[in-house]
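Okay, so here's the structure we're looking at.
Below, all heavy atoms of this structure are taken into account, side chains as well, without hydrogens, waters or symmetry copies. Nothing here was measured: the structure is a model prediction, and the numbers come from that model. Read the numbers this way: they start at 1 and go in the same order the structure lists the ligands and their atoms.
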Amino acid sequence: MQERQTKQKQIIYDALKTLNHPTATEVYAFVHNLYPTISRATVFRVLGGFASGGKALELRSAGSEVRYDYNVYPHCHGRCKVCDALVDVEVEGLPKTGIKATACDGFAVDGYEIEFFGTCKRCLEGKELRS
Ligand SMILES: [Zn+2]
Ligand SMILES: [Zn+2]
């Protein structure tokens, strides 16, 4: 049982690395294709475990499903306005210690996510082909 769980975790982690900032649903679809015995519940539970154990980041942005990132080093993201893909972006001018927020009205701040928007490489190349 223990061994099986370890193997499932490895499969799910590999999927996380292969896919680009996937949602849990996308990870499940990918994993299920290769290993039909792994259940949706397992994928969601394991991803949640990665996030709470510091093995993956949970990316939350308004109006979209939570996405997972195996790159746990603090970094910012860009979202493609055309296809909604998420990519890593390098940002200049952010303080090394991060940004500090003081909550108002008893709101408890857990973290933040800075998201830039633009057009991803794939969509840009698609545009060039059409014009
Ligand atoms: Zn795109
Ligand atoms: Zn990322």
Side-chain angles (χ1 to χ4, degrees):
M1 189 65 190
Q2 193 60 44
E3 199 181 305
R4 202 180 122 221
Q5 280 185 3
T6 309
K7 191 165 176 252
Q8 287 183 340
K9 275 188 187 170
Q10 191 56 52
I11 291 164
I12 293 167
Y13 191 70
D14 288 345
L16 195 59
K17 282 172 87 170
T18 305
L19 302 166
N20 174 40
H21 302 92
T23 62
T25 308
E26 286 166 354
V27 172
Y28 170 69
F30 184 85
V31 165
H32 187 74
N33 214 6
L34 301 170
Y35 306 93
T37 55
I38 298 182
S39 72
R40 190 182 166 90
T42 300
V43 171
F44 277 65
R45 182 172 44 77
V46 168
L47 287 172
F50 285 165
S52 56
K55 267 192 96 176
L57 293 177
E58 259 178 358
L59 309 171
R60 299 167 184 282
S61 50
S64 15
E65 228 182 304
V66 172
R67 289 172 181 271
Y68 291 88
D69 195 346
Y70 76 94
N71 178 7
V72 293
Y73 189 79
H75 62 285
C76 297
H77 292 102
R79 185 181 293 272
C80 177
K81 291 189 287 185
V82 183
C83 72
D84 213 34
L86 216 56
V87 299
D88 290 345
V89 294
E90 270 184 45
V91 182
E92 281 176 47
L94 273 182
K96 283 230 160 33
T97 50
I99 302 171
K100 247 173 119 180
T102 309
C104 310
D105 295 332
F107 181 84
V109 176
D110 288 334
Y112 64 87
E113 166 78 10
I114 298 177
E115 200 173 275
F116 296 82
F117 51 84
T119 312
C120 77
K121 196 176 154 210
R122 257 196 0 219
C123 289
L124 277 176
E125 283 169 357
K127 261 183 197 163
E128 275 162 25
L129 286 178
R130 261 175 272 140
S131 61

*Counting only N and O atoms by type, is there a donor-acceptor contact under 3.5 Å from the side chain of Tyr68 to the main-chain atoms of Ala56?*
no
*In the protein, how many N/O/S atoms are under 2.8 Å from the Zn ion (ligand 1)?*
4
*Examine Val66 and Leu86 and state if one hydrophobic cluster contains both, with Ile, Leu, Val, Met, Phe, Trp and Tyr joined whenever side-chain heavy atoms are less than 4.5 Å apart.*
no
*Going hydrophobic residue to hydrophobic residue with side-chain gaps under 4.5 angstrom, can you get from Ile114 over to Val87?*
yes
*asked:* For the residue pair His21 / Asn71, report whether a side-chain donor-acceptor contact shorter than 3.5 Å exists.
replied: no
*asked:* If I consider every N, O or S atom in Asp69, which one ends up closest to the Zn ion (ligand 2)? I only need its name.
replied: OD2
*Starting from the Zn ion (ligand 2), look over the N/O/S atoms of His21 and name the nearest one.*
NE2
*Would you mind naming the N, O or S atom of His77 nearest to the Zn ion (ligand 2)?*
NE2
*Between the side chain of Asp84 and the main-chain N/O of Arg79, is any donor-acceptor distance below 3.5 Å?*
no
*Heavy-atom pair with the smallest gap, counting every atom of Ala15 and Val31*: CB-CG2, 3.6 Å
*Check the side chains of Gln8 and Thr42 for a donor-acceptor pair under 3.5 angstrom, ignoring hydrogens and angles.*
no
*Is there a path of hydrophobic side-chain contacts, each under 4.5 Å between heavy atoms of I, L, V, M, F, W or Y residues, that connects Leu16 with Leu19?*
yes
*Hey, what's the angle at the Zn ion (ligand 2) spanning OD1 (Asp88) and NE2 (His75), nearest 10 degrees?*
90°
